[in-house]
Amino acid sequence: MNLLTLVISYLKAKPLNTLLNILLLALGIAVITILLLFNHQLREKISDNTKGIDLVVGAKGSPLQLILCNVFHIDFPTGNINLKEAERLAKHRLVKSAIPLALGDSYQSFRIVGTNLSYAELYQAELANGTWWSADLEVVVGATTAELLQLKEGDTFESAHGLSKEGHAHDENPFVVTGVLKKTNSVVDNLILTNVSSIWKVHAEHDSIETVSNKIISDTSVLVPTHEAGDSTKEITSLLIKYRNPIAAIQLPRYINAYTPMQVASPAFEAARLFSILGVGVEALTGFSYVLILISALSIFIALYNSLKERQYDLAIMRSMGASRAKLFIATQLEGVTLTVLGSLLGLALGHLVLFAFTSLVAESQKTGMSAFVFYSEELYLFIGSLVLGIVCSLIPSVQAYRTDIHNVLAGR
Amino acid sequence: MIKTQSLSHFYNDSNEIHFLDLEIKDNTQFLLLGESGSGKTTLLHLLGGLLTAQMGTIEVNGSDLTKLSESELDRFRGTQYGFIFQRNHLIQTLTVERNLLLAPFLAGLKQDSNRIDEVLEQLGIADKKYSKIHELSLGQAQRVAIARAVLNKPAIILADEPTSALDDKNCERVSDLLLTVAKQNQATLVIATHDQRLKSKITNLIQL
């Protein structure tokens, strides 16, 4: 026999009340946990994916779209930019490195990115097996892509125009998989990488007049090594730029916007803007969960306060049996804390479970690389916070228990 | 041995009670007889350390209750006394066994399962050890309350109107039970009551 046995027997005696109190708190904590997991992982993903990219240069349009399309690969391109213009920019003295991206096609809604090996280096992507592409129409697939599409070395597939499965099929030019990448936990996992000229080749069929030339290239392009420099007939989607020095951050965007037909977008700035837009929704949900927690605290307080009246004889008789005032105080506190501890543990478990169900049931969410089994220190704070909540909402009932007047209660006064 | 001297208690305004000096020897049985409002519950609570005396002294087994600190008094109550009230005041959410285990736990004594079996045996309700309180009849519940009072082998058992709500047959049974259990556990028994029927059982009388 101890105080916990007593407290649990009290809680069990009113199962519905106890369940309601625990569930109310659990719901509030679960919503906070889900937001926490989402927000944290989203921020981590964004910072991982924008690492090493100071500026994105593309066709004029929405800067947010430019970032979403060229960094996160979840939106459509704004248009194309001229290869010659892009090369000139890549050689600019303020540019340390420039990576070309040629987008537009996909396979089973996984995007095919025409680029060069620097793009893979940017995300420290390494081959799990196979080799990098060495000729046109050879591709290396990201880890998630390979897993979900069951692609392996030697497989072939036909790409489709756009990002959907129903896009126009380029069935004359099948791609060959030459390698599979290791998991990087970045956007590369969900991509199919190839060289830029593969993308040109697939699209060349549209205007069939053009023939692939076999002439010897004397001066190769800095962006597309297999192609000659200064070709103004070719286009790419964008350039990912890294600054040479801090001055570039001030001068380069202004220069590009003013003196070229292209526009720039900063991943850091656009990501912050995106978060401020999402922030309204997150704040509303957080507010709602705090209301739930407040109601649960009130509900626990009322339950304890009411049951104390029913238990005044229990309390008095326990004092007559030698229980100190402090023991009754602790017993009442223990009841409140037991409820909030159970509630918060259930809530934390529920939060992770909902995210687990989401990531395993919704196929699209697997692409985001969200995990339900990541734990953050804030969850410990949530737990400690609910402990404190239990102490606070059982404070007044505990003081009442402490003040129980044995004589008056037992004499029936 | 219980000894009181010039004990008085004041209720809020004019209402005040002066008690005669008492001397109750070990292993005896006493009846505090008086009408309602005569102060017998107050006296019983004063003797049991449930109520702090405002004037006078109460000496129990060599300790002056009026001089003990609150925590000393709590411990004294838990180890020296067993209380029985008109209503059984058992904790409804616990089983018989747990209700009884509460006595040593709250008094800070060792929890001994054998002692529970022994006491339940003495009171003839050994088969009710794992029953819930609401499954018991009124008589069985009162026996559990008595078992709880004697479990810690207290020196003194204080009973407040244990028989007044009972018919003659049950009154006889409960009073016999109390006397037997008090003797078995070598405890002094003090019963506060207005029930004249008990006069035939207990001869030591204190009329209030």
Side-chain angles (χ1 to χ4, degrees), chain A residues 1-19 21 303-304 306-336 338-339 397 399 401-413, chain B residues 9 11 39-42 44-46 48-52 69-95 97-109 111 113 116 132-134 145 148-149 151-152 154 158 160-161 192:
Chain A
M1 189 68 217
N2 52 49
L3 283 185
L4 196 63
T5 321
L6 179 71
V7 163
I8 288 171
S9 86
Y10 279 143
L11 291 177
K12 271 186 176 166
K14 289 187 174 172
L16 292 180
N17 237 328
T18 303
L19 192 72
N21 287 332
L304 284 176
N306 282 340
S307 60
L308 224 63
K309 274 185 205 129
E310 299 162 22
R311 287 187 214 153
Q312 54 170 342
Y313 286 112
D314 289 13
L315 291 167
I317 207 88
M318 284 196 277
R319 290 232 44 212
S320 83
M321 289 158 78
S324 60
R325 287 177 186 277
K327 218 164 207 166
L328 300 190
F329 182 88
I330 292 167
T332 313
Q333 286 274 296
L334 198 60
E335 196 167 337
T338 304
L339 283 173
V399 169
Y402 183 87
R403 285 192 184 151
T404 300
D405 187 323
I406 323 172
H407 169 66
N408 281 343
V409 172
L410 290 178
R413 265 178 248 275
Chain B
H9 191 77
Y11 287 101
K40 53 187 190 310
T41 294
T42 302
L44 201 75
H45 285 186
L46 282 169
L50 299 176
L51 182 64
T52 317
S69 73
E70 189 171 271
S71 58
E72 283 169 336
L73 192 61
D74 286 337
R75 193 169 159 71
F76 197 77
R77 264 203 309 273
T79 52
Q80 302 292 318
Y81 291 100
F83 293 95
I84 293 158
F85 302 96
Q86 183 177 355
R87 282 168 53 200
N88 59 58
H89 293 321
L90 295 167
I91 292 175
Q92 297 290 325
T93 58
L94 297 174
T95 60
E97 185 194 26
R98 294 232 161 105
N99 261 289
L100 296 184
L101 281 173
L102 212 52
F105 166 66
L106 293 175
L109 301 171
Q111 296 176 36
S113 190
I116 289 177
K132 300 212 170 79
I133 300 305
H134 65 82
R148 182 175 64 183
L151 198 80
N152 290 347
L158 300 178
D160 192 5
E161 302 279 18

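By convention in this document, chain letters (A, B, ...) are assigned in the order of the sequence lines, proteins followed by strands, and residues within each chain are numbered from 1. Hydrogens, waters and symmetry mates are skipped; everything else that's a heavy atom, side chains included, is used.
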Rounded to the nearest 0.5 angstrom, the CG-CE distance for B:Leu106 and A:Met1 is 7.5 Å

dist A:Leu11:CG -> B:Thr93:OG1 (nearest 0.5 Å) comes out at 9.5 Å

If you tally heavy-atom pairs under 4.5 Å between each of A:Ala13, A:Ser324, A:Ala316 and chain B, the highest tally belongs to A:Ser324

* To do: Take B:Arg77 and A:Ile406, measure what side-chain contact (heavy atoms from CB on, under 4.5 Å) needs, and give me the verdict at the end.
  => CA-CA 12 Å; B:Arg77 264 203 309 273; A:Ile406 323 172; 3.9 Å; yes

So, the part of B:Phe85 with a heavy atom under 4.5 Å from chain A: the answer is side chain

Minimal heavy-atom distance between B:Phe105 and A:Leu3, with the atoms involved, is CZ-N, 3.6 Å

The interface call for B:Thr79 against chain A, heavy-atom contacts under 4.5 Å, is neither

Scored by heavy-atom pairs under 4.5 Å with chain A, the best of B:Gln92, B:Gln111, B:Gln86 is B:Gln111

Of all heavy-atom pairs linking B:Leu94 and A:Thr5, the shortest is CD2-O, 4.4 Å

- [ ] Anything under 30° is parallel, anything over 60° is perpendicular, the rest tilted; go ahead and classify A:His407 against B:His45.
- [x] perpendicular

Comparing B:Gly48, B:Ala107, B:Gly78, B:Ala103 against chain A, the one with the most heavy-atom pairs below 4.5 Å turns out to be B:Gly78

So, the part of A:Asn2 with a heavy atom under 4.5 Å from chain B: the answer is both

Evaluate the side-chain proximity of B:Asp160 to A:Leu410: yes if any heavy-atom separation is below 4.5 Å, no if none is.
no

Here the gap from B:Lys132 atom NZ to A:Ser9 atom OG, rounded to the nearest 0.5 Å, amounts to 11.0 Å

Minimal heavy-atom distance between B:Leu102 and A:Met321, with the atoms involved, is C-CE, 3.8 Å

Any heavy-atom pair between the side chains of A:Lys327 and B:Asp74 that's under 4.5 Å? no

Pair count under 4.5 Å, heavy atoms only, with chain A: among B:Leu101, B:Ile91, B:Leu44, highest is B:Ile91

dist B:His89:NE2 -> A:Met318:CE (nearest 0.5 Å) comes out at 12.5 Å

Honestly, the part of A:Arg311 sitting under 4.5 Å from a heavy atom of chain B is neither

Under 4.5 Å to a heavy atom of chain A? For B:Glu97 that would be neither

